[in-house]
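Because the structure is a prediction, the values reported are computed rather than measured.
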2 protein chains.
Amino acid sequence: MASTIIIANTGANACTHGFIKASCSDCNLKGLCLPIAMDIPDIDRLDKIIQRSRPLHAGDHLYRSGDSFRSIYAVRSGSIKTYMVDEEGIEQVTGFFLPGEVLGFDGIGTGNHGCSVVALETSSVCEIPFERLEELSLQIPTLQHHMFQLMSKQIENDHQMMLTLSKKNAEGRIATLLLSLSRRYARRNLSANAMRLPMSRMDMGNFLGLTIETVSRTLSRLHKEDVISVDGREIVLKNHQRLDELCHQLQ
Amino acid sequence: MASTIIIANTGANACTHGFIKASCSDCNLKGLCLPIAMDIPDIDRLDKIIQRSRPLHAGDHLYRSGDSFRSIYAVRSGSIKTYMVDEEGIEQVTGFFLPGEVLGFDGIGTGNHGCSVVALETSSVCEIPFERLEELSLQIPTLQHHMFQLMSKQIENDHQMMLTLSKKNAEGRIATLLLSLSRRYARRNLSANAMRLPMSRMDMGNFLGLTIETVSRTLSRLHKEDVISVDGREIVLKNHQRLDELCHQLQ
DNA sequence: TGCTCTTTTTGCTGTAAATCAAACCAGCCT
DNA sequence: AGGCTGGTTTGATTTACAGCAAAAAGAGCA
């Protein structure tokens, strides 16, 4: 499968030869994930509570809305989608998560997860049992602080998304998503320009509050205007500056 | 001023006779705010680090985007609006905060606030210096847990808002806001039906991704259909079930 | 290789909300 | 009172996107 090959090229190498990798200290995502700014002995203590499970396949759920909250998760390889379903069955994709990113903060409040989490392709995650993480956070001040930071960043991110949904037109929403993905790939030392979208048009549209037709039409238009090039899920960003401009044009 | 009289009627009495009230243990908002599920000695320790300042007047800023992050805040009386401004100057109202609610979690991640906070009417807040709160959280496990819970609930709330902005039509958005306010008033043992909106049509529209004209028209229509009654900022919810239905109708 | 099923693209038409514009209203100041 | 200001309502028109439909392109499988 093409996507796993891409993973192997993406800086997540330490994780791929065994899938159950040995430790956080060996992981080349540690600069992005939880152990950031922790010293070696503390990383080892964190490492001991982390559970590394078999990889998920596309469509596998990590947990579902209503499941009791036990753990948070760091993405090790692949890509993950989170979505919530309201009482009437309306679905909303709430985020896409790439290697090095941490998810699952919903559900601490109530004890039950408020959203569902599904793999978009073959993916692996590190599971961090929350009770043990809380204990450890009491002992390692930098870990507690880092947890607050991660949740704070999630909140800021969600606010940015509220602005996108509330104020931007279709082009702006698409451009915002593409640039966000680009930045996150670049952070892992991957190309900021050429990428393979991990999600379907359906998922993009749901996330951005657009229909698949509008997503498709908008991508086609941007292609025609030579701002990007589109071939199915393969995207090349050809004019970052123009994309930036589109991000800020109002609806 | 009418709004301060309303405050005095709203269950925040313990705070109003002196504005600088003595302690958390005396505050009748303690069931909503931080000290929930803490025992008396721990509440007193928390109480000691809390700073109670002079009340804010309508339009006063608590902090502004870019200010260095120092504290989080609990609303004691009145009402507060948070908003972010992106690089191009597009504004997005990201939330309204009522007595007993905690705000300011943005900015832990970067050390600088990502949004601005302004009082919608005469309001008072408890300021909780974050460094000292972190120290205390290391010593009081339930406090640490409660902090995680508060932030988690903020995240779930924001996700719900993403769904509202992404999937609901104008009526659904308005209905969602009205019911949210109603629930939050009811939690403080105030009327779930009759309320005075603390925010302008402008703020409602900005928050909900609608123009003021659409907000006004939608409220008028709901009034005409006898679902609510509107007189300026005075609102009476007359048909909760219908509002619930509107919440779930798609765009 | 051909067949089925799903996803994506493209065209055409309708509509909810934006936009433009003007009237209305409630405070507030002189 | 009377005029001024900012917020709100209402009306007429435009438009970006939704909704429907059908073609095109992949993806999976015998």
(message) Rounded to whole Å, how long is the line connecting atom CG of A:D203 with atom P of C:dT6?
(response) 16 Å
(request) Report yes or no: is there a donor-acceptor pair, N or O only, under 3.5 Å between the side chain of A:E213 and the base of D:dC17? (result) no
(request) Would you kindly give the CG-to-P distance between A:N206 and C:dT7, to the nearest whole Å? (result) 14 Å
(message) With a 4.0 Å limit, can you tell me whether B:S220 has a side-chain N or O closer than that to the phosphate oxygens OP1/OP2 of D:dT9?
(response) no
(request) With heavy atoms under 4.0 Å as the rule, sort B:G209 into base, sugar-phosphate or nothing. (result) sugar-phosphate
(message) Without decimals, in angstroms, what is the distance between B:M199 CE and D:dT8 C1'?
(response) 16 Å
(message) So A:M161 and A:L165, do their side chains get closer than 4.5 Å, heavy atoms only?
(response) yes
(request) Figure out the CZ/P separation between A:R221 and C:dT9, and round it to whole Å. (result) 13 Å
(request) Give A:S200 one of three labels, base, sugar-phosphate or nothing, depending on what nucleic acid heavy atoms sit under 4.0 Å from its own. (result) sugar-phosphate
(message) So if I take every side-chain heavy atom of B:A170 and compare against D:dT8, C:dA17, D:dC17, which nucleotide ends up nearest?
(response) C:dA17
(request) May I ask you to test the B:H113-B:S65 pair for a side-chain heavy-atom distance under 4.5 Å? (result) no
(message) Could you tell me if B:T176 and B:K168 have a donor-acceptor pair between their side chains, going purely by distance under 3.5 Å?
(response) yes
(message) Both B:I212 and A:T214 contact DNA chain D. Taking the nearest nucleotide for each, which residue is further toward the 5' end?
(response) B:I212
(request) Have a look at A:L219 and say if it touches a base, only the backbone sugar-phosphate, or nothing, with a 4.0 Å heavy-atom cut-off. (result) nothing
(message) If I take atom NE2 in residue B:H223 and atom P in nucleotide D:dT9, what distance separates them, rounded to the nearest angstrom?
(response) 11 Å
(message) Between P on D:dT8 and CG on B:L210, what's the gap in Å once rounded to a whole number?
(response) 15 Å
(request) State plainly whether the residues A:E225 and A:R242 are in salt-bridge range, i.e. N to O under 4.0 Å. (result) no
(message) Under 4.0 Å from OP1 or OP2 of C:dA17: is there any side-chain N or O of B:T211 that close?
(response) no
(message) Both A:R217 and A:D231 contact DNA chain D. Taking the nearest nucleotide for each, which residue is further toward the 5' end?
(response) A:R217
(message) To the closest 0.5 Å, what do you measure between CG (A:N169) and OG1 (A:T218)?
(response) 8.5 Å
(request) Send over the distance from B:E234 CD to D:dT8 C1', rounded to a whole Å. (result) 15 Å
(request) Could you check which of D:dC17, D:dT10, C:dT8 has an atom nearest any side-chain atom of A:R233? (result) C:dT8
(message) Could you tell me how far apart B:M202 (CE) and D:dG7 (C1') are, to the nearest whole angstrom?
(response) 11 Å
